[in-house]
Amino acid sequence: MPPPPARPQGVTSLPHQCSVLLRRLAASRSLTSSSFLRALRCLHARLLTSALLHAPPHPHLTLRLIHLYTLSGDLPAAATLFRADPCPVAATSLVAAYAAAGRLPAAVSFFDAVPQARRDTVLHNAVISAYARASHAAPAVAVFRSLLASGSLRPDDYSFTALLSAAGHLPNISVRHCAQLQCSVLKSGAGGVLSVSNALVALYMKCEALEATRDARKVLDEMPDKDALTWTTMVVGYVRRGDVGAARSVFEEVDVKFDVVWNAMISGYVHSGMVVEAFELFRRMVLERVPLDEFTFTSVLSACANAGFFAHGKSVHGQITRLQPNFVPEAALPVNNALVTLYSKCGNIAVARRIFDNMKSKDVVSWNTILSGYVESSCLDKAVEVFEEMPYKNELSWMVMVSGYVHGGFSEDALKLFNRMRAEDVKPCDYTYAGAISACGELGSLKHGKQLHGHLVQLGFEGSNSAGNALITMYARCGAVKEAHLMFLVMPNIDSVSWNAMISALGQHGHGREALELFDRMVAEGIYPDRISFLTVLTACNHSGLVDEGFQYFESMKRDFGIIPGEDHYTRLIDLLGRAGRIGEARDLIKTMPFEPTPSIWEAILSGCRTSGDMELGAHAADQLFKMTPQHDGRWVDAARVRKLMRDRGVKKEPGCSWIEAGNKVHVFVVGDTKHPEAHKVYKFLEMVGARMRKLGYVPDTKVVLHDMEPHQKEHILFAHSERLAVGFGLLKLPPGATVTVLKNLRICDDCHAVMMFMSKAVGREIVVRDVRRFHHFKDGECSCGNYW
DNA sequence: ATAGGGTTAG
């Protein structure tokens, strides 16, 4: 018996043993779905890393460790190991892992870290596909070109697959372009490869041209083998082209229906807003025992969230919970993301947060979902918290935050963030620009707005509708109606939002008739007006005093367009009537409303009464309003006491008198002369005060509602301002001779009888109060008045 | 070590 061959030296060394173990661990594919295995891998990787700290460096081992780390989801650890030796194989793993996590810049950095001479085809492929995944066509093509230009390297079928996929993200991809690509694929000999053909089908389906579907079909018919993805590609392609019917017939054509095709069809219905059909298909899937996977659930959950079928969504949630053990963390990720969306859309942000917190792995989408959940629930401070806490952000995170700021009235912060974004070298997308432009509009900063317009043009975002619409609004807000109109004229494809913006622009500047004409033209051009359009029209009528026209459009909205007027439409109409002194009609209108009057309806009535001097109705409206407004939370001046004082002094609901309601909703009834050249500043300032108030967190859901900033009102505008702390408060102007006891947080100017309310935090601070003509300087309880101009 | 399609955030 021959002796066993002697072991080669060094094989039993620690690195070698580890290497064997690692290879086994990484290869245990059958257990991939177990999160336990992932944890185990991670644990092993960590143990080995520390064990090998003092062992001699071993390239193979490092590679295996990197692979293990990427498999177990510990990307930073993998990246650290890579930096010690930037080899192409490790880079490939990392590029793929980071791209899969949606972190493109990091993914590309690994490619960059490998010296050009060491980059191989596989690494190039990984980068091309990383760019393709992130829909960045141009850089993907550039990397492909560099692969060709290298001389020593040749693209393989992976390269072509990734390239074709990237090409699908090119804007206006043409059939000719596709054919050219097909040609070069054939020439390279990658023509018969399934994945390449699938990518080609997808590419043709992405062309806008009608005949492109024929070409796609031709490729498909010539394919010797087709798999689930081939059919899915066709279904998805048709859905993208807006042809759900064709998608459905492809779906029916497939004999053996793979679950992927079902999922594609369901998500197709969801995207087309055909929620009923989506659910129908989902039911059939269950009946036919097609395995439901995370994609199915994600689509169905998204359907529930979009359609507002929250109860249904919750029952699907239950179903998922029963299946949870079968879900791998990375598979459950999109499902969890969809769940977070569902709960935050149905207003249950707390549950959304709980799901988010319990998620084992989170990606950019998860963070963005919870971020926008907070933004939509007007919890801006929470949103900011999340934003700063996010381990990684993408363009969308910034966009959500910028537009969230604008939406919440924090235009200054929006612009600040926008600037920070550029300082951090993040390229804003057109939506972000739209947000920043709206912020300029809100702040009335034409100069800055124009500047951004310039950047937009430079960046080639000219054709963007969101940015264009924001520009129309911005120009209108800044008083540049001509520019707004010009924008409206040059925009390549105006949508209903553009029309609404332009109608509103005209209305704002008192061109009521033109606004109505534009509305008629919109309808004549076949654009269906929505509820916003009518809101805009009513506002335009309001600004120009077109009472009868307002009524006509209101009637037409119900009769011709089947839009049920909401609270906001009634409010506008009542406001319109009130301004025209036709308060009686407004009162009659309330009775015909299909719902009980809301606070804003009473506010409109109240301000109408102020104009017409209808004391009786005004008193009634005020009483209703007070009844409805929630109690203050103790941090504010007791509005009830002030009200009582006013009543006691016989100043209740006097025309021209403005007042405040404290509580969860703070109404700042500003009575002002808007013709004054400085008036718009006051207006902006008050908005800012409201915004800051919320930001400071004094009263969570505070809304500052401004009233009576119309040209025909000519009274004082009073407001308060502190250099350090802008405080939210309201102002009462009492008639001369009225005496009011000073409450804890209340001060009165003896000279002009302005009553100020401060938050307790502001008491004792130096507060400067100005009105348009006078200023009040409060210090140590003293008030000095003087002329401001 | 890399790939094609479908899911989630606006």
Side-chain angles (χ1 to χ4, degrees), chain A residues 26 63-64 66-67 70 87-97 99-100 102 120-130 132-133 156-166 168 190 193-203 205 227-237 239-240 258-268 270-271 293-303 305 331-342 344-345 363-373 375-376 394-404 429 431-432 434-435 466:
Chain A
L63 261 181
R64 291 214 185 286
I66 289 176
H67 192 49
T70 53
C87 84
V89 180
T92 309
S93 252
L94 282 162
V95 167
D120 59 6
T121 305
V122 185
L123 179 56
H124 279 86
N125 294 350
V127 177
I128 298 170
S129 125
R133 223 184 236 268
D156 58 8
D157 38 338
Y158 281 81
S159 327
F160 279 105
T161 315
L163 176 72
L164 290 173
S165 151
V193 181
L194 184 61
S195 69
V196 178
S197 305
N198 280 344
L200 202 56
V201 171
L203 189 61
M205 286 306 282
D227 65 356
L229 297 191
T230 323
W231 295 109
T232 312
T233 309
M234 283 304 274
V235 170
V236 170
V239 169
R240 263 207 207 115
F258 312 90
D259 50 352
V260 242
V261 191
W262 285 88
N263 291 343
M265 200 58 233
I266 289 182
S267 91
V270 174
H271 276 276
D293 65 3
E294 67 270 21
F295 290 104
T296 325
F297 286 126
T298 316
S299 292
V300 170
L301 283 174
S302 142
L333 185 65
V335 179
N336 280 326
N337 289 343
L339 278 173
V340 175
T341 313
L342 177 79
S344 65
K345 278 222 174 120
D363 63 358
V364 207
V365 179
S366 327
W367 285 96
N368 285 344
T369 308
I370 196 73
L371 181 71
S372 68
V375 165
E376 269 165 34
N394 64 10
E395 222 172 54
L396 193 92
S397 329
W398 291 89
M399 193 267 280
V400 167
M401 205 58 232
V402 168
S403 55
C429 66
Y431 283 97
T432 315
S466 53

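Here is how names work: the chains are called A, B, and so on, in the same order as the sequence lines, proteins then strands, and each is numbered from 1.
- In terms of heavy-atom proximity, Val95(A) sits nearest to Ala130(A) at CG1-CB, 4.1 Å.
- Applying the 3.5 Å distance criterion, the base of dA9(B) shares no donor-acceptor pair with the side chain of Thr369(A).
- For the pair Thr341(A)/Leu301(A), no side-chain contact is recorded, criterion being any heavy-atom separation below 4.5 Å from C-beta on.
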Worksheet item: Can you list the steps and then say if Ser195(A) with Asn198(A) is a side chain to side chain donor-acceptor pair (under 3.5 Å)?
Response: CA-CA 5 Å; Ser195(A) 69; Asn198(A) 280 344; over 6 Å; no
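- At the heavy-atom level, Glu395(A) lies nowhere under 4.0 Å from the strands shown.
- Residue Ile370(A) is out of contact with every strand shown, counting any heavy-atom pair closer than 4.0 Å.
- Contacts of Asp227(A) with the nucleic acid, taken as non-hydrogen atoms under 4.0 Å apart, include base atoms.
- The side chain of Asn125(A) has dT2(B) as its nearest neighbour among dG4(B), dA1(B), dT2(B).
- Checking the phosphate oxygens (OP1, OP2) of dT8(B), a side-chain nitrogen or oxygen of His271(A) falls inside 4.0 Å.
- Of the candidates dA1(B), dA3(B), dT7(B), the closest approach to any side-chain atom of His67(A) belongs to dA1(B).
- When heavy atoms are screened at a 4.0 angstrom cut-off, Val365(A) is found touching base atoms of the nucleic acid.
- For the OP1/OP2 pair of dT7(B) and a distance below 4.0 Å, the side-chain nitrogens and oxygens of Ser302(A) include no atom meeting the criterion.
- Proximity of Arg64(A) to the phosphate of dA1(B): no side-chain N or O atom is located under 4.0 Å from OP1 or OP2.
- In the interface, the side chain of Asn368(A) is not paired with the base of dG10(B) through any donor and acceptor atom under 3.5 Å apart.
- Comparing dG10(B), dG4(B), dG6(B) by their nearest atom to the side chain of Asn263(A) picks out dG6(B).
- With dT7(B), dT2(B), dG10(B) as the choices, the nucleotide that has an atom nearest any side-chain atom of Thr298(A) turns out to be dT7(B).
- Between Ser299(A) and dT7(B) there is no side-chain N or O to OP1 or OP2 distance below 4.0 Å.
- For Ser267(A) against Ser299(A), the heavy-atom pair with the smallest separation is CB-OG, 3.3 Å.
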